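In what follows, chains are A, B, ... by sequence order, proteins preceding strands, each numbered from 1. Since the model is a prediction, treat every value here as computed from it, not as a measurement.
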Protein chains: 2
Amino acid sequence: MICDEVVMSERQSPGGQSLLFLTDEQLRKGIEAMFFAYRGFTADPDRILNKYGYGRAHHRALHFISRAPGTTVNNLLSILGVTKQSLNRVLRTLIEDELVESRVGTRDKRERNLFLTENGTALEQELSDAQRERMRQAYREAGPEAVQGFRTVLEAMMDTDMQRHFTRMKESRHD
Amino acid sequence: MICDEVVMSERQSPGGQSLLFLTDEQLRKGIEAMFFAYRGFTADPDRILNKYGYGRAHHRALHFISRAPGTTVNNLLSILGVTKQSLNRVLRTLIEDELVESRVGTRDKRERNLFLTENGTALEQELSDAQRERMRQAYREAGPEAVQGFRTVLEAMMDTDMQRHFTRMKESRHD
DNA sequence: AGTTTTATGTCAGTGTTGTTGACTTTCCAA
DNA sequence: TTGGAAAGTCAACAACACTGACATAAAACT
C-alpha cells in the first residue's frame with residue numbers, strides 16, 4: 001500500500017463534528033501529489049495535440065463545446081476564465097480548420113452557438129479517450145471508496161464560482 | 001452532499017478482486033473536476049507571485065528547493081521536467097534577487113547546491129501558507145476518508161517516473 | 001596524459017497562451 | 001432612439017515552455 005503513512009488524527013467533538021489534525025508535512029505531500037498528478041493527467045492529450053499542431057487551450061475549448069453543444073462564446077469565457085482575445089485566437093483556428101462550427105444565434109442574433117463538426121468530434125474523442133483511459137486506470141488502482149474521496153476533495157478545492165459551473169453541468173447531464 | 005450522484009457499480013469477482021464499472025460520463029466529470037480544482041489550487045499562490053513579479057515557475061523552484069535543501073540543478077530539472085534553459089532563466093532571477101543561494105558542490109565541484117536564503121524562505125512560506133490553507137480547508141470539508149482516497153487516486157494518476165520522485169521524497173521526510 | 005562525458009550556464013530564436021487597451025459591428029431592450 | 005451587451009479584431013507585451021548551438025570546468029575513463 002502506497003499511502004499507508006498518511007495517518008490523520010480525527011477527533012469527535014461534543015457537537016458530533018469531526019475534526020482533522022493535519023501536519024504541514026501531510027499538506028505539503030498533498031500539494032506535491034496534485035502537482036505531479038496534474039502533469040500525468042495532461043501528458044497524454046498533450047502528445048496527441050502536438051501531433052496536430054494544437055495546444056492545451058484547443059483541448060479545453062473542444063472539451064467544453066463537446067460537453068455543451070450550442071454553448072455561446074460568453075458562456076465558454078466564464079467557464080474557461082480567460083479573456084475573449086485569448087479564447088478567440090483559439091476558436092478562430094478551430095473554426096478555420098473546420099473542427100468547430102459557429103452558428104448565429106436564433107433567439108439572439110448577437111450570440112454565436114458553437115458546435116463540433118465531424119472532424120472536431122473525432123479529435124475530441126481521441127483526446128478524451130486517452131484522458132479517460134488514464135483516469136479509468138487510476139480509479140481502478142485506487143478503488144471505489146478512494147474515487148469517492150478524490151471527487152469530494154477536488155470539489156472542495158475549487159473556487160466557489162467554478163463549483164457553480166461544475167454543478168450546473170452536473171444537472172444537465174443525461175446519463 | 002455534493003457528490004452523491006457518483007454511483008459506481010462494484011462487483012466482487014470470484015478471486016476476491018473488486019471491479020469498477022465506470023461510465024464515460026463519470027470519467028468526464030472526474031476530468032472536469034481535476035481541471036477546475038487545479039485552477040483553484042494555483043489561484044492563491046498566483047496572486048501572491050504576481051505581487052512580487054514572479055510566476056508559477058518561480059514557485060515550483062522555491063518549493064522543491066525548500067523541500068530538498070542543497071539539491072542540485074540536475075535533480076531539480078528531472079523533478080520539474082523542463083529544459084535547463086527554462087529552469088535557468090527562473091533560477092537566475094531568484095539568485096539575483098537573493099532568494100536562492102547557489103553553492104559550488106563540495107564532493108563534485110561541477111555541481112551547484114541550491115538553498116533558500118532568508119528572504120527565499122520567507123516567500124516560500126507565504127506561498128506555502130496560502131496553498132496549505134486551501135488544501136486544509138478542502139480536507140476539512142471532505143473528511144479523513146476522502147483525503148486518503150484523494151491521495152491514492154492522485155498517486156495512481158502520476159507517471160511512473162514521477163511516482164519515483166514522489167516516493168523518494170516521502171522516504172526522506174522527518175515527521 | 002589525453003580524451004570523453006557530465007554538470008552547468010548562456011545566447012539566440014520560436015511558439016503557445018495568457019494579458020491590456022482600443023475600436024468596430026451587430027442587435028436586443030428599455 | 002439610445003444605451004449596453006455579445007462578439008470579433010488589431011496591436012503590443014509578458015511568462016514560460018521549446019530547440020539548437022556553444023562554452024567552461026571538472027570528473028571519469030582509457
Side-chain angles (χ1 to χ4, degrees), chain A residues 35 38-39 42-43 45-65 70-97 100-115, chain B residues 35 38-39 42-43 45-65 70-97 100-115:
Chain A
F35 169 68
Y38 197 77
R39 274 233 304 247
T42 54
D46 281 353
R47 266 187 292 275
I48 296 167
L49 288 159
N50 195 263
K51 208 171 57 175
Y52 296 101
Y54 294 122
R56 233 176 254 185
H58 299 89
H59 184 187
R60 292 198 279 266
L62 289 175
H63 174 92
F64 286 109
I65 294 172
T71 187
T72 63
V73 174
N74 240 8
N75 185 36
L76 212 48
L77 279 177
S78 78
I79 288 176
L80 295 174
V82 296
T83 58
K84 62 174 176 174
Q85 294 93 328
S86 200
L87 175 58
N88 198 257
R89 192 181 357 188
V90 166
L91 227 38
R92 189 164 37 196
T93 71
L94 290 175
I95 292 169
E96 278 170 6
D97 296 355
V100 167
E101 196 192 337
S102 167
R103 295 185 209 146
V104 173
T106 47
R107 203 193 48 207
D108 186 333
K109 289 180 193 163
R110 288 173 305 182
E111 294 181 342
R112 299 299 130 88
N113 296 117
L114 302 169
F115 300 88
Chain B
F35 169 67
Y38 196 76
R39 273 233 305 246
T42 53
D46 281 353
R47 265 188 293 273
I48 295 167
L49 289 159
N50 194 265
K51 207 171 57 174
Y52 295 101
Y54 295 121
R56 233 176 253 186
H58 300 88
H59 184 187
R60 291 197 281 266
L62 290 175
H63 175 93
F64 286 108
I65 294 172
T71 187
T72 64
V73 174
N74 244 5
N75 185 36
L76 212 48
L77 279 176
S78 79
I79 287 177
L80 295 174
V82 296
T83 59
K84 63 173 176 172
Q85 293 91 330
S86 201
L87 176 59
N88 198 257
R89 187 182 343 121
V90 166
L91 226 39
R92 189 165 37 195
T93 71
L94 290 175
I95 292 169
E96 278 170 7
D97 296 355
V100 168
E101 195 192 336
S102 168
R103 295 185 208 148
V104 174
T106 48
R107 204 192 49 209
D108 185 335
K109 288 180 194 164
R110 289 172 304 180
E111 294 181 343
R112 298 296 131 88
N113 296 118
L114 303 170
F115 300 89

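Using a 4.0 Å cutoff on non-hydrogen atoms, the parts of residues 82-94 of chain B near DNA chain C are B:K84, B:Q85, B:N88, B:R92, ordered by number.
One interatomic measurement links the two molecules: OH of A:Y54 to P of C:dT16, which rounds to 11 Å at whole-angstrom precision. C:dT5 atom C1' lies 14 Å from atom CD of B:E111, rounded to whole Å. Between B:L80 atom CG and D:dC18 atom P the separation is 10 Å, expressed in whole Å. Rounded to an integer number of Å, the gap from A:N75 CG to D:dA5 C1' is 15 Å. One atom, CZ of A:R56, and another, P of D:dA15, lie 19 Å apart when rounded to the nearest Å. Atom pair A:R60:CZ and C:dT16:P shows a separation of 14 Å (rounding to whole Å applied). Distance NZ (A:K51) to C1' (C:dT16): 20 Å, rounded to an integer number of Å. Rounded to whole Å, the distance from CZ on A:R112 to P on C:dT25 is 14 Å.
Using cut-offs of 30° and 60° for the angle between ring planes, the B:H59 and B:H63 rings count as perpendicular.
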Under 3.5 Å, N/O pairs linking protein and nucleotides 24-30 of chain D:
residue, atom, partner, partner atom, Å
D:dA27, OP1, B:K109, N, 3.3

Taking it one step at a time, do A:T72 and A:R112 satisfy side-chain contact (heavy atoms from CB on, under 4.5 Å)? CA-CA 5 Å; A:T72 63; A:R112 299 299 130 88; over 6 Å; no
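When the side-chain nitrogen and oxygen atoms of A:H58 are compared with OP1 and OP2 of C:dT17, one or more of them lie within a distance under 4.0 Å. Between A:N74 and the phosphate of D:dA7, there is a side-chain N or O to OP1/OP2 separation shorter than 4.0 Å. Considering only side-chain N and O atoms, A:R39 lies nowhere under 4.0 angstrom from the phosphate OP1 or OP2 of D:dA17.
Checked against A:L114 for a side chain to side chain contact (heavy atoms under 4.5 Å, CB included), the options A:L94, A:N75, A:V73 give a single hit: A:V73.
Between A:F64 and A:L80, some side-chain heavy-atom pair lies under the 4.5 Å cut-off. Side-chain contact between B:I95 and B:E101: absent, with no pair of heavy atoms (C-beta onward) separated by less than 4.5 Å. Counting only heavy atoms from C-beta outward, the side chains of A:T71 and A:N113 never approach each other to under 4.5 Å. Contact of the A:I65 side chain with the A:L91 side chain is registered, since non-hydrogen atoms from C-beta on lie closer than 4.5 Å. In this structure, the side chains of B:K51 and B:R47 stay at 4.5 Å or more apart for every pair of heavy atoms.
Side chain to side chain, B:Y52 and B:D97 fail the donor-acceptor criterion of an N or O pair below 3.5 Å.
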